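Only one structure is covered here, and it is reproduced in the block below.
Residue indices begin at 1 and follow the sequence shown. No experiment lies behind these values; they were computed from the predicted model shown.
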Amino acid sequence: QVELVETGGGLVQTGGSLRLSCRASGVVFGSFYMAWFRQAPGKEREFAATISHDGGFTYYADSVKGRFTISRDNTRNMVYLQMTKLKPEDTAVYLCATHRGYGGWSSSSDYDYWGPGTQVTVSS
């Protein structure tokens with residue numbers, strides 16, 4: 001049974017940094033793309049970043065490009081999101097997800113399994 005658990009969220013001030021972690025179990029982790037999405041209060045879930053199975057390819061939403069870095073450690077079944085220069089607009093629940101193995105990689109429908117999310121709050 002696949003399980004994803006995110007950690008590392010918290011409260012930071014504008015300009016601060018956080019590192020989110022996601023641990024996966026019940027899946028051959030190194031075989032799949034992984035992604036981070038976020039969902040702000042009252043808004044739909046939106047794509048933030050994705051990384052290929054081997055870490056060789058990454059792609060970021062324009063809203064986070066240059067500030068966030070996605071990475072993974074397949075020996076530990078972990079994917080990370082290093083967040084810097086945080087803005088109040090980054091406030092959201094951040095979720096990691098496992099790609100379904102086909103199709104695109106920037107839509108929530110492209111992913112099969114999701115963690116419960118971790119809250120990131122950026123104060124003004």
Side-chain angles (χ1 to χ4, degrees):
Q1 186 171 355
V2 177
E3 183 178 9
L4 305 175
V5 180
E6 304 94 340
T7 58
L11 174 64
V12 298
Q13 292 187 333
T14 298
S17 300
L18 282 174
R19 190 194 194 204
L20 307 183
S21 300
C22 174
R23 176 176 290 168
S25 61
V27 64
V28 182
F29 183 76
S31 297
F32 300 100
Y33 276 52
M34 297 291 294
W36 288 95
F37 286 75
R38 63 187 187 180
Q39 188 164 17
K43 296 186 177 180
E44 294 184 350
R45 191 165 50 197
E46 68 172 355
F47 170 79
T50 190
I51 186 167
S52 63
H53 64 285
D54 61 356
F57 169 81
T58 59
Y59 187 80
Y60 300 89
D62 288 342
S63 58
V64 308
K65 192 176 299 181
R67 300 188 298 119
F68 292 8
T69 302
I70 188 171
S71 61
R72 67 191 297 162
D73 183 349
N74 289 346
T75 68
R76 295 183 170 90
N77 281 18
M78 299 287 289
V79 61
Y80 308 97
L81 188 67
Q82 180 66 51
M83 311 163 67
T84 64
K85 298 181 174 64
L86 284 163
K87 307 173 181 179
E89 307 94 271
D90 297 319
T91 295
V93 173
Y94 283 73
L95 308 96
C96 68
T98 303
H99 196 268
R100 62 184 176 180
Y102 63 93
W105 35 256
S106 62
S107 172
S108 60
S109 63
D110 295 320
Y111 296 84
D112 283 340
Y113 300 102
W114 299 81
T118 185
Q119 177 70 48
V120 172
T121 303
V122 185
S123 62
S124 300

(Q) Restricting to ring pair (Phe, Tyr, Trp, His ring centres under 6.0 Å), what partner residues turn up for W105, sequence neighbours left out? (A) F57, Y59
(Q) Test your reading of the model: is there a side-chain donor-acceptor pair from S52 to the backbone of Y33, 3.5 Å cut-off? (A) no
Q) Below 4.0 angstrom, N of the basic side chain to O of the carboxylate: do R72 and D54 qualify? A) no
Q | Qualifying residues under side chain to side chain donor-acceptor pair (under 3.5 Å), relative to S124, sequence neighbours excluded | A | none
Q | V93: side-chain contact (heavy atoms from CB on, under 4.5 Å) partners, not counting sequence neighbours | A | L95, Q119
**Q.** F37: partners by ring pair (Phe, Tyr, Trp, His ring centres under 6.0 Å), with sequence neighbours left out
**A.** F47, Y111, W114
Q) Distance-only, no hydrogens or angles: does the R19 side chain make a donor-acceptor pair with backbone N or O of Q82 under 3.5 Å? A) no
Q | Pairs where residues 50-94 contributes a residue and the test disulfide (SG to SG under 2.5 Å) is met, not counting sequence neighbours | A | none
Q) Side chains of D110 and R100: does their closest heavy-atom pair fall under 4.5 Å? A) yes
Q: Hey, could you give me the CD/OG distance between E6 and S21, rounded to the nearest 0.5 Å?
A: 10.5 Å
Q.
Here's a test for you: under side chain to side chain contact (heavy atoms under 4.5 Å, CB included), which of L18, L20, T84, L86 qualifies with F68?
A. L86
Q: Can you sort out the partners of D112 under side chain to side chain donor-acceptor pair (under 3.5 Å), two or more places apart, ordered by chain and number?
A: none
Q. Can a salt bridge be assigned to the pair D62 and K65 using a cut-off of 4.0 Å between side-chain N and carboxylate O?
A. yes
